[in-house]
There are 2 protein chains.
Amino acid sequence: MRSSADFELMLRGAELRVTRPRLAVLAAVHDHPHADTDSIIGAVRRELPEVSHQAVYDVLRALTTTGLVRRIQPSGSVARYEARVGDNHHHVVCRSCGSIADVDCAVGHVPCLTASNDQGFSIDEAEVVYWGMCPACSAPS
Amino acid sequence: MRSSADFELMLRGAELRVTRPRLAVLAAVHDHPHADTDSIIGAVRRELPEVSHQAVYDVLRALTTTGLVRRIQPSGSVARYEARVGDNHHHVVCRSCGSIADVDCAVGHVPCLTASNDQGFSIDEAEVVYWGMCPACSAPS
DNA sequence: CCCTTTCCTTGAATAGTTCAAGATTGGGTT
DNA sequence: AACCCAATCTTGAACTATTCAAGGAAAGGG
């Protein structure tokens, strides 16, 4: 758990103005890993009830662009955000309930995978999504 | 390029009724790998002008459910479909223009990757998306 | 050839996200 | 401390991809 002062430094480090909506969104993403936009709006409004949804969308975009948060969006899901950035970790997604958990990099380097034939593309990231069933959904009811 | 008779056999093999919309969608997906729904609707209507968009959505869902086509949806993209199924290959996506190309499996087995810590999930598939720039977009203009 | 079930058409609804215009505010400068 | 301007936020509407729902059409087994 980080303090508001930490978030302020992170924003200044990214050359973003320090505003209350931004501090609140940053805190919400840190507190609720893999939360979708709606959940983040809810968390932010617990502290700043008047924040518009558009502001949250704008802030999330700014934070994503500067790399302070990472946006993930498995097929069939809405956009989700997390604060764990820079370590190229991956995700497991439950096919049944959609819950997401972190998985460390399969090999240990960034990027941790190399395409066997890159089709002439210059590749800068390998994103892995593991699909399966979470413990709760695979448990006999 | 497969014939209409092949597509008919594929549908029957999947226990789906053989209809003209389904044959046309199947042909369109085979002819236009990684096409989005709108492109597929366009391709289908070149042959069957009266097909509704809802029919195409329904058919794509049926084909995806039975495994005759595969649905892919990189972050920020609409749903796309391809007919190459069952070999667990992966994709490179251009950050600039969104174009997609196939990449063979990084290791060669299905699933070709194993999560280092699976968080208790039972994993049945590892999906890899390589992000980068396609040859056209990275060329000096 | 008929009947049942599946499929397609038509039309409307929905959710998530973005666009646009104007008001507010952060923070560098005077 | 007051000023200024670009960046940010509010308000409200628009948009797109997709899904829902009800009724008509047609596939294919009997």
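The shown structure was predicted, so the numbers you read here are calculated from the model rather than taken from an experiment. Just so you know, these numbers use all the heavy atoms, side chains as well, and skip hydrogens, waters and symmetry mates. Throughout, protein chains are lettered first and strands after them, A, B, ... in sequence-line order, and every chain is numbered starting at 1.
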Fill in: Contact nearer the 5' end of DNA chain D, comparing B/Val78 with B/Gln54
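Upstream on the strand: B/Val78.
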
Item to complete: Would you kindly compare B/Gln73 and A/Arg22 by the position of their nearest DNA chain D nucleotide and give the one closer to the 5′ end?
Response: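 With B/Gln73 and A/Arg22 compared, the 5'-side residue is A/Arg22.
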
Worksheet item: According to a strict under-4.0 Å criterion, is A/Tyr57 in side-chain N/O contact with OP1 or OP2 of C/dT18?
Response: no

Discussion item. Please tell me if A/Thr19 has a side-chain N or O lying less than 4.0 Å from either OP1 or OP2 of D/dA7.
Written reply: no

Give the rounded distance in Å between these two atoms: [atom1] of [X] and [atom2] of [N].
X: B/Asp36; N: D/dT16; atom1: CG; atom2: P; answer: 13 Å
X: A/Asp58; N: C/dC19; atom1: CG; atom2: P; answer: 10 Å
X: B/Ile41; N: D/dT18; atom1: CD1; atom2: P; answer: 9 Å
X: B/Arg80; N: D/dT16; atom1: CZ; atom2: P; answer: 17 Å
X: A/Leu16; N: C/dT25; atom1: CG; atom2: C1'; answer: 15 Å
X: A/Glu50; N: C/dA23; atom1: CD; atom2: C1'; answer: 15 Å
X: A/His53; N: C/dT18; atom1: NE2; atom2: C1'; answer: 9 Å
X: A/Arg61; N: C/dG16; atom1: CZ; atom2: P; answer: 17 Å

Practice prompt. Taking atom CZ of A/Arg84 as the centre, report whether more than 12 heavy atoms of other residues, nucleotides or ligands fall under 6.0 Å from it.
Written response: yes

Worksheet entry | Min side-chain heavy-atom separation B/Arg20-B/Glu50 under 4.5 Å | no

Worksheet item: A/Arg2 versus A/Leu26: any side-chain heavy-atom pair under 4.5 Å?
Response: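 They are not in contact (no side-chain heavy atoms under 4.5 Å apart), so the answer is no.
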
Discussion item. So that I can tick it off, tell me whether A/Glu125 and B/Arg95 are bridged by a salt bridge, with the cut-off set at under 4.0 angstrom between side-chain N and carboxylate O.
Written reply: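 Salt bridge between B/Arg95 and A/Glu125, a charged N being under 4.0 Å from a carboxylate O: yes.
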
Item to complete: May I ask you to say what B/Ala79 touches in the nucleic acid, namely base, sugar-phosphate or nothing, with a heavy-atom cut-off under 4.0 Å?
Response: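 Contact class for B/Ala79: sugar-phosphate only.
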
Worksheet item: A/Arg20 near the nucleic acid: base, sugar-phosphate alone, or nothing, with a heavy-atom cut-off under 4.0 Å?
Response: nothing

Discussion item. Let's test your reading of the model: under 3.5 Å, does the base of C/dT5 pair with the side chain of B/Arg17 as donor and acceptor?
Written reply: yes

Worksheet item: What nucleotide among C/dT17, D/dT10, D/dT8 has an atom nearest to a side-chain atom of A/Val51?
Response: D/dT10

Fill in: Mutual orientation of the aromatic rings belonging to B/Phe7 and B/His30 [parallel < 30°, tilted 30-60°, perpendicular > 60°]
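Because their plane-to-plane angle lies in the 30° to 60° range, the rings of B/Phe7 and B/His30 count as tilted.
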
